[in-house]
Amino acid sequence: MKHNDSAIASTGIAVSTPDLAGPGLPEAAALGSHVGRGLLLAALGVAAFSLTFPATAWGLEGMGPWTVVMLRSVLATVPAGAALLALRVRPPERRHWAGIAVVAGGVVLGFPLLTTLALETSTTSHAAVVIGLLPLTTAACSAVRTGARPSRTFWIASLVGAVVVIGFAVQQSGGVPNRSDLLLFAALLVCAAGYTEGGRLARHMPGWQVIGWALVLALPVTVAGATLALSTEPVALTVHSVAGVLWLAVGSQFLGMVAWYRGMAVIGISRASQLQLAQPLLTLVWSVLLLGERLPPAAPVAALAVLVCIAVTQRARG
């Protein structure tokens with residue numbers, strides 16, 4: 001049996017046809033429950049991430065882009081660092097620090113900065129293009145990094161889902177490449193690397209410790225960046241800007257990552273990444289409710305197509 005990037009496979013669980021009268025049935029039920037928890041955690045992470053772009057737009061109402069990015073990371077380090085200290089968590093082994101540095105560079109600094117700069121001139125619906133591409137890019141990055149070999153059905157369903165989401169978002173935004181598109185494409189690459197490395201590390205330590213240590217590692221950069229940004233960019237605090245940055249720090253940067261990395265560790269990086277196919281559509285819903293943007297008529301059709309693709313990828317065998 002070929003192993004994929006799933007943490008379930010890496011634990012060496014034997015897969016056989018159980019005797020319905022024997023002990024295999026309880027074991028299968030326990031395994032199914034384990035996978036179900038992994039799916040739920042990954043889905044909670046996606047739900048948290050779907051609010052990232054609207055929250056960023058709120059933050060930009062009262063702060064500059066560098067201030068938003070650096071403050072969200074500094075604030076996220078507070079609960080993460082407090083938890084690490086309170087529980088007396090030992091620092092990771094030396095062999096894990098390179099991976100933690102990739103997580104810090106990808107999801108703590110790179111993705112937030114690039115997408116925030118893009119949202120200065122791009123709408124949230126246009127920025128959703130990067131989310132449409134992210135599952136496929138993460139799966140490809142995982143295959144390169146971990147040697148995973150998902151099935152052909154898995155890749156076809158992933159590609160179809162990505163095309164649906166990208167086509168939907170590009171059609172709504174006009175599809176004209178510009179500076180924002182280049183920033184979003186760069187954000188896509190660094191985030192896929194951070195997700196892949198974080199999912200791999202979450203097999204060796206709890207997901208909250210992965211993002212916690214990444215935030216701590218980036219703290220010297222984020223504190224210096226926040227100090228410089230606050231001294232050079234204008235700040236005009238509003239209820240929206242404060243709420244947006246707080247959500248980015250606590251929801252997107254910390255709690256969302258905790259659930260997401262743990263979910264990836266349970267069900268595998270490639271499969272978990274496909275749940276993000278629903279994220280652009282969730283973001284569009286939040287954009288309507290929180291930013292007053294008009295929901296395109298094609299949204300229900302695209303949502304149904306995406307849900308079908310997610311169902312196929314979850315059933316596909318690597």
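Quick caveat, the model's predicted, so the values are computed rather than measured. No hydrogens, no waters, no symmetry mates; every other heavy atom, side chains included, goes into these values.
Across every non-hydrogen atom of Gly251 and Ala48, the tightest pair is O-CB, 3.9 Å. Heavy-atom minimum distance, Ala192 versus Cys141: O-SG, 3.9 Å. When all heavy atoms of Ala42 and Leu275 are compared, the pair lying nearest together is CB-CD1, 3.5 Å. Nearest heavy atom pair, residue Leu215 against residue Ala80, reads CD1-CB, 3.9 Å. Counting all heavy atoms, side chain and backbone alike, Ala272 lies closest to Trp260 at O-CH2, 3.1 Å.
The line from CG of Leu188 to CG of Asp181 is 12.0 Å long, rounded to the nearest 0.5 Å. Rounded to the nearest 0.5 Å, atoms OG1 (Thr116) and CE (Met70) are 10.0 Å apart. Here CG of Leu182 is found 12.5 Å from CG of Leu117. Values are rounded to the nearest 0.5 Å. Separation of atoms CG (Leu284) and OG1 (Thr124) is listed at 6.5 Å; rounding is to 0.5 Å. Separation of atoms OG1 (Thr138) and CE (Met264) is listed at 7.5 Å; rounding is to 0.5 Å. To the nearest 0.5 Å, atoms OH (Tyr195) and OG1 (Thr137) are separated by 11.5 Å.
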* Any chance you could lay out the side-chain contact (heavy atoms from CB on, under 4.5 Å) test for Thr115 and Thr56, step after step, and finish with the verdict? => CA-CA 9 Å; Thr115 54; Thr56 300; 5.7 Å; no
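Applying the side chain to side chain contact (heavy atoms under 4.5 Å, CB included) test to Ile156 and every residue at least two apart in sequence or in another chain returns Arg152, Val160. By the salt bridge (Lys or Arg N to Asp or Glu O under 4.0 Å) test, Arg262 pairs with no residue at all, sequence neighbours left out. Taking Ala259 as the reference, Leu41, Leu44 meet the side chain to side chain contact (heavy atoms under 4.5 Å, CB included) condition, with sequence neighbours excluded. Applying the side chain to side chain contact (heavy atoms under 4.5 Å, CB included) criterion to Ser158, with sequence neighbours excluded, gives Leu136, Phe154, Gln274, Thr313. Legend: residues meeting side chain to side chain contact (heavy atoms under 4.5 Å, CB included) with Ala118, ordered by chain and number and at least two apart, are Ser180, Leu183, Leu184. Shown here are the side-chain hydrogen bond (donor to acceptor under 3.5 Å, both in side chains) partners of Ser241, two or more places apart in sequence or in another chain: Thr238.
Hydrophobic clustering keeps Leu51 apart from Val68 (ILVMFWY residues linked when any side-chain heavy atoms are closer than 4.5 Å, directly or through intermediates). With hydrophobic clusters built from ILVMFWY side chains whose heavy atoms lie under 4.5 angstrom apart, Leu119 does not share a cluster with Leu290. Residues Val223 and Met63 fall into different hydrophobic clusters, defined by Ile, Leu, Val, Met, Phe, Trp and Tyr side chains chained together at heavy-atom separations under 4.5 Å. Under a hydrophobic-cluster definition in which Ile, Leu, Val, Met, Phe, Trp and Tyr are linked whenever side-chain heavy atoms come within less than 4.5 Å, directly or via other members, Trp247 and Phe49 are assigned to different clusters. Leu281 and Val285 fall into different hydrophobic clusters, where Ile, Leu, Val, Met, Phe, Trp and Tyr are joined by side-chain heavy atoms under 4.5 Å apart, directly or via other members.
Using bins of under 30°, 30° to 60° and over 60° for the plane-to-plane angle, the ring pair Trp58/His240 lands in the parallel bin.
You'll find the side chain of Leu133 reaches within 4.5 Å of the side chain of Ile166, heavy atoms only.
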With a 3.5 Å cut-off and sequence neighbours excluded, list the donor-acceptor pairs that the side chains of residues 95-114 form with protein atoms.
from: Arg95; atom 1: NE; to: Glu93; atom 2: OE1; distance (Å): 2.6
from: Arg95; atom 1: NH2; to: Glu93; atom 2: OE1; distance (Å): 3.4
from: Trp97; atom 1: NE1; to: Pro92; atom 2: O; distance (Å): 3.3

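Sorted by first then second residue, the side chain to side chain donor-acceptor pair (under 3.5 Å) pairs that include residues 39-54, not counting sequence neighbours, are Ser50-Trp286, Thr52-Ser252. Evaluation of the salt bridge (Lys or Arg N to Asp or Glu O under 4.0 Å) test over residues 189-201, restricted to residues two or more places apart or in two chains, returns Arg145-Glu197, Glu197-Arg200. Contacts classified as side chain to side chain donor-acceptor pair (under 3.5 Å) and involving residues 68-81 (residues at least two apart or in different chains) are given here: Arg72-Gln253. Under the side chain to side chain donor-acceptor pair (under 3.5 Å) criterion, the residue pairs touching residues 208-233 are Thr67-Glu233, with sequence neighbours excluded.
Through direct or relayed side-chain contacts under 4.5 Å between Ile, Leu, Val, Met, Phe, Trp and Tyr, Val239 connects to no other residue.
Within 6.0 Å of CH2 on Trp66 lie no more than 12 heavy atoms contributed by other residues, nucleotides or ligands.
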